[in-house]
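Notes follow the structure.
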Protein chains: 2
Amino acid sequence: MSRKSTVGLRDAIEQDIVTGRFAPGDRLDEVTLARRFAVSRTPVREALRQLGAAGFVTIQPNRGAFVAEIGPTRLVEMLEVMAELEGLCARLAARRLDPERRNALLEAHRACEGALGSGDADAYYYENEHFHHAIYAASGNTFLAEQARALHTRLKPYRRLQLRVAGRLGTSFAEHAAVVEAILAGEGDLASQRLKAHVRIQGERFSDFMAALRDGERARWDRASRPSVGYIQPPSTT
Amino acid sequence: MSRKSTVGLRDAIEQDIVTGRFAPGDRLDEVTLARRFAVSRTPVREALRQLGAAGFVTIQPNRGAFVAEIGPTRLVEMLEVMAELEGLCARLAARRLDPERRNALLEAHRACEGALGSGDADAYYYENEHFHHAIYAASGNTFLAEQARALHTRLKPYRRLQLRVAGRLGTSFAEHAAVVEAILAGEGDLASQRLKAHVRIQGERFSDFMAALRDGERARWDRASRPSVGYIQPPSTT
DNA sequence: AGCGGTCAAGTTGCATACAATCCTTTTTCC
DNA sequence: GGAAAAAGGATTGTATGCAACTTGACCGCT
């Protein structure tokens with residue numbers, strides 16, 4: 001479990017946050033993390049500061065680092081920005097799609113189709129990620145793709161159960177298909193509009209869901225569902 | 001020149017980058033910075049890692065930190081995203097403007113008018129920042145405002161000479177006025193469209209300008225204009 | 001019993017020492 | 001004389017020790 005470079009350490013902790021091993025609000029003790037990764041406190045501190053700058057943890061001076069808690073309000077705000085960024089990706093992709101990116105996009109889309117056919121929600125979740133990443137890349141705007149990807153990752157802990165809702169998989173895939181169609185047709189505005197709607201639908205399901213629960217219940221529910229299997233885990237690159 | 005908290009140190013170095021005291025590509029030596037701020041290397045390293053995560057510096061393992069160099073391509077990419085974020089700010093502002101934010105926006109706009117009247121390009125530059133920040137805040141989306149502000153700051157070193165072009169001040173203000181009008185009228189799409197165009201015009205001037213210079217000349221010119229007065233410096237809050 | 005203050009344990013912030021890596025220069029061999 | 005290799009210097013990466021701060025508990029006081 002030991003990492004070599006400091007960037008590896010940062011990514012390792014980030015993964016533990018993104019996959020839910022560390023729940024929002026959890027305290028990230030420096031010495032505990034240091035022991036866990038078999039390094040001293042210094043690289044741990046540097047990693048935590050980076051995660052703080054990226055928004056994954058909040059650092060309270062002299063009091064430590066905590067996994068960032070994203071309240072319902074801020075979550076909706078982030079999804080609003082996410083929708084806009086994805087919309088821009090789609091618009092640009094429709095305008096400037098090159099053959100290589102076009103193939104990657106179609107391949108990701110077909111992979112989603114395969115996962116849908118198998119009825120495996122976890123597999124679809126994973127292919128869905130690839131699909132969105134393919135759209136980011138298809139924009140041809142590296143910076144935009146990085147930003148979209150970063151925000152996508154930050155939202156990951158809160159999207160884990162999104163697609164488990166009954167019937168959502170099929171709807172999601174149909175929306176994907178409509179986006180792909182618009183992109184291939186070069187209809188930038190339409191593609192943007194459709195992808196924005198696709199993201200917003202997830203956001204609305206979210207806020208509905210969270211609003212329906214009182215805070216205590218939500219916290220308990222969050223925590224209970226935390227160690228839920230590794231369907232987010234990509235094939236380990238270690 | 002000594003700072004107390006680590007966040008203060010981060011901000012101090014960031015300021016030195018943003019205001020151009022450190023030019024893109026400059027090496028940021030840890031011991032030099034440590035001496036400069038009268039601290040040890042440890043807090044300097046933590047600050048540099050944070051700046052790396054925020055995109056202000058690029059960190060090469062075992063080789064040090066350098067002020068991020070933003071090439072013409074990436075600059076255009078960043079401006080494309082900036083335009084979209086600002087456009088979203090304007091759209092949301094038109095939809096949800098509350099009296100307090102409305103007043104702040106109008107006040108910032110009038111301050112621009114004052115600076116324009118005085119013909120002071122530096123003053124206009126400063127008030128222009130306030131105006132854009134007021135629009136970010138007027139969106140009512142805290143996360144969006146933070147993102148827009150962060151990107152705005154990252155682009156600051158490359159915007160320093162934007163408004164010095166003859167006649168640009170007046171045009172800029174007219175564009176501002178059109179945006180404000182649309183926001184007050186509740187015309188979200190129009191406000192978004194106008195603000196996007198406003199940002200894009202700056203971007204096009206940029207790329208025209210940079211394309212007209214070969215790289216060597218541009219680097220020299222960048223460096224020569226670097227220590228140019230402190231018209232960016234806000235009233236120090238130290 | 002309730003409230004306030006003091007003290008102790010634990011954690012973070014910073015400084016310094018050491019190890020590892022990189023870059024430059026010099027030396028040596030062909 | 002040129003090129004490759006090695007040594008030296010310099011810089012970054014990591015570990016550890018100490019000081020400062022926060023926090024919780026215990027004790028005394030009203």
Side-chain angles (χ1 to χ4, degrees), chain A residues 1-17 21-69 219 223 237-238, chain B residues 1-17 21-69 219 223 237-238:
Chain A
M1 188 56 87
S2 73
R3 296 297 187 284
K4 299 147 209 168
S5 79
T6 167
V7 50
L9 182 58
R10 195 211 99 118
D11 287 344
I13 300 175
E14 179 179 315
Q15 276 300 311
D16 282 348
I17 294 174
R21 261 189 292 276
F22 294 143
D26 275 4
R27 177 188 192 77
L28 295 178
D29 181 45
E30 293 178 358
V31 299
T32 304
L33 286 172
R35 269 202 302 268
R36 195 174 187 286
F37 292 102
V39 293
S40 81
R41 283 177 49 218
T42 308
V44 171
R45 283 179 59 85
E46 289 177 0
L48 288 178
R49 297 324 236 268
Q50 293 182 61
L51 291 171
F56 287 99
V57 307
T58 62
I59 294 180
Q60 299 182 338
N62 289 319
R63 298 186 53 184
F66 301 81
V67 177
E69 287 199 82
R223 213 157 301 262
T237 58
T238 314
Chain B
M1 189 59 84
S2 72
R3 296 296 187 287
K4 300 145 207 168
S5 78
T6 167
V7 49
L9 182 59
R10 196 211 99 117
D11 287 344
I13 299 176
E14 179 180 314
Q15 276 300 309
D16 283 348
I17 293 174
R21 260 189 294 274
F22 294 142
D26 276 3
R27 176 187 193 78
L28 295 179
D29 181 45
E30 293 179 358
V31 300
T32 304
L33 286 171
R35 271 202 300 269
R36 194 174 187 284
F37 292 103
V39 292
S40 83
R41 281 177 51 218
T42 308
V44 171
R45 282 178 61 86
E46 289 176 1
L48 288 178
R49 297 322 235 268
Q50 292 182 61
L51 291 171
F56 287 99
V57 306
T58 63
I59 293 180
Q60 299 183 342
N62 288 317
R63 300 187 53 180
F66 301 81
V67 177
E69 287 200 83
R223 215 158 300 264
T237 59
T238 316

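In what follows, chains are A, B, ... by sequence order, proteins preceding strands, each numbered from 1.
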Inset, instruction - Please report, rounded to the nearest Å, how far the C1' atom of dG13(D) is from the CG atom of L48(B). - result: 13 Å
Legend entry - Backbone of A23(A) reached by a side-chain donor or acceptor of D26(A) within 3.5 Å: yes
Inset, instruction - Measure the distance from CZ on F37(B) to P on dC14(C) and round it to the nearest whole Å. - result: 14 Å
Legend entry - D16(A) side chain near R36(A) side chain, heavy-atom distance below 4.5 Å: yes
Inset, instruction - Indicate whether OP1 or OP2 belonging to dA15(C) is found under 4.0 Å from a side-chain N or O atom of S40(B). - result: yes
Inset, instruction - Flag the pair L48(A) / F56(A) as yes when at least one side-chain heavy-atom distance between them is below 4.5 Å, and no otherwise. - result: no
Legend entry - Selection from dT16(D), dG13(C), dT11(D) that lies nearest to any side-chain heavy atom of R45(A): dG13(C)
Legend entry - Listed nucleotide nearest any side-chain atom of R27(B), set dC14(C), dA15(D), dT11(D): dT11(D)
Legend entry - Rounded distance (Å) that lies between atom C1' of dT12(D) and atom CZ of R49(B): 9 Å
Legend entry - Student check: side-chain heavy atoms of E30(B) and R45(B) closer than 4.5 Å: yes
Legend entry - Interatomic distance where CZ belongs to R10(B) and P belongs to dG13(C) [whole Å]: 16 Å
Inset, instruction - Quick one: list whatever passes side-chain hydrogen bond (donor to acceptor under 3.5 Å, both in side chains) with R27(B), sequence neighbours left out. - result: none
Inset, instruction - Side chain of E30(A) only, please: which of dA15(D), dT16(C), dG13(C) is the nearest? - result: dG13(C)
Legend entry - Side-chain heavy-atom pair E46(A), T42(B) within 4.5 angstrom cut-off: no
Legend entry - Distance, rounded to the nearest Å, where F66(A) contributes CZ and dT11(C) contributes C1': 11 Å
Between the protein and nucleotides 17-21 of chain C, which nitrogen or oxygen pairs come in under 3.5 angstrom?
none

Inset, instruction - Using atom CZ of R35(B) as one end and atom C1' of dT16(C) as the other, report the distance to the nearest whole Å. - result: 16 Å
Legend entry - Protein-nucleotide distance (D29(A), atom CG; dG10(C), atom C1'), rounded to Å: 9 Å
Legend entry - I59(B) or R63(A), whichever maps to the more 5' nucleotide of DNA chain D: I59(B)
Legend entry - side-chain hydrogen bond (donor to acceptor under 3.5 Å, both in side chains) partners for D29(B), two or more places apart: T32(B)
